[in-house]
Amino acid sequence: QVQLVESGGGLVQAGGSLRLSCAASGHSFSTYTMGWFRQAPGKEREFVATISWGLINTYYTDSVKGRFTISRDNTKSTVYLQMNSLKPEDTAVYYCAATTSSTWPAYEYEYWGQGTQVTVSS
């Protein structure tokens, strides 16, 4: 089992950048595929990005391609989401998630963090 804690959210102007972090505790972080999701007010939670356990593969939803970058440091048991050129429509609560699934890209996750708020002002 793994516990996840996100940080790094905040208020930023459109065009700005933020880097989210997700610290994992528990065993075998390096064996989990990690993902980021977001949920805007009044909307369903949506997939944002995922990175495989072997650091080889990444996958993004179309709306963030070229602007967001997912990465991980297995020595620190941490996954990151670098968000550049932020837009007001990126405003949401961002969640970190982990899965042992071998499906790629992974959309179903067993473990979730509590979320961190990202607000982009116009």
Shortest non-hydrogen contact from [X] to [Y]?
| X | Y | result |
| --- | --- | --- |
| S17 | S85 | OG-N, 4.3 Å |
| T78 | S21 | CG2-CB, 4.3 Å |
| A24 | V2 | CB-CG2, 3.7 Å |
| P88 | A14 | CD-CB, 4.1 Å |
| A106 | T33 | CB-CG2, 4.2 Å |

Practice task
Start with the C-alpha distance between T50 and W104, add both sets of side-chain angles, then the distance that settles side chain to side chain contact (heavy atoms under 4.5 Å, CB included), and finish with yes or no.
Solution key: CA-CA 9 Å; T50 182; W104 184 261; 3.6 Å; yes
Practice task
Could you check whether the rings of Y94 and F68 sit parallel, tilted or perpendicular, using 30° and 60° as the cut-offs?
Solution key: tilted
Practice task
Return yes if a side-chain donor-acceptor contact under 3.5 Å exists between T100 and E110, otherwise no.
Solution key: yes
Exercise for the section: Check whether the side chains of S121 and Q13 place a donor and an acceptor atom closer than 3.5 Å, and report yes or no. Expected result: no
Exercise for the section: State plainly whether one hydrophobic cluster holds both V64 and Y95, where clusters connect Ile, Leu, Val, Met, Phe, Trp and Tyr through side-chain heavy atoms under 4.5 angstrom apart. Expected result: no
Exercise for the section: Using the rule that two of Ile, Leu, Val, Met, Phe, Trp, Tyr join whenever any of their side-chain heavy atoms come within less than 4.5 Å, decide whether V12 and L20 are in one cluster. Expected result: yes
Handout entry: Presence of salt bridge, D62 and K65, under 4.0 angstrom
Key = yes
Exercise for the section: Might you work through the side chain to side chain contact (heavy atoms under 4.5 Å, CB included) test for Y109 and Y32, ending with a clear yes or no? Expected result: CA-CA 10 Å; Y109 290 75; Y32 289 92; over 6 Å; no
Once you round to the nearest 0.5 Å, how far does [atom1] of [X] lie from [atom2] of [Y]?
| X | Y | atom1 | atom2 | result |
| --- | --- | --- | --- | --- |
| M34 | Y80 | CE | OH | 11.5 Å |
| Q3 | C22 | CD | SG | 11.0 Å |
| L11 | L18 | CG | CG | 9.0 Å |
| M83 | T69 | CE | OG1 | 11.0 Å |
| F37 | L81 | CZ | CG | 12.0 Å |
| S63 | K87 | OG | NZ | 8.0 Å |

Exercise for the section: Could you walk me through whether W36 and V79 pass the side chain to side chain contact (heavy atoms under 4.5 Å, CB included) test, one step at a time? Expected result: CA-CA 9 Å; W36 286 97; V79 62; 3.9 Å; yes
Has the side chain of [X] got a donor or acceptor atom that lies under 3.5 Å from a matching backbone atom of [Y]?
| X | Y | value |
| --- | --- | --- |
| T99 | E108 | yes |
| E6 | Q114 | yes |
| Y60 | I70 | yes |

Problem - Charged tip of R72 within 45° of F29 ring normal and under 6.0 Å - result: yes
Exercise for the section: Report yes if the side chains of R38 and V118 come closer than 4.5 Å at any heavy-atom pair, otherwise no. Expected result: no
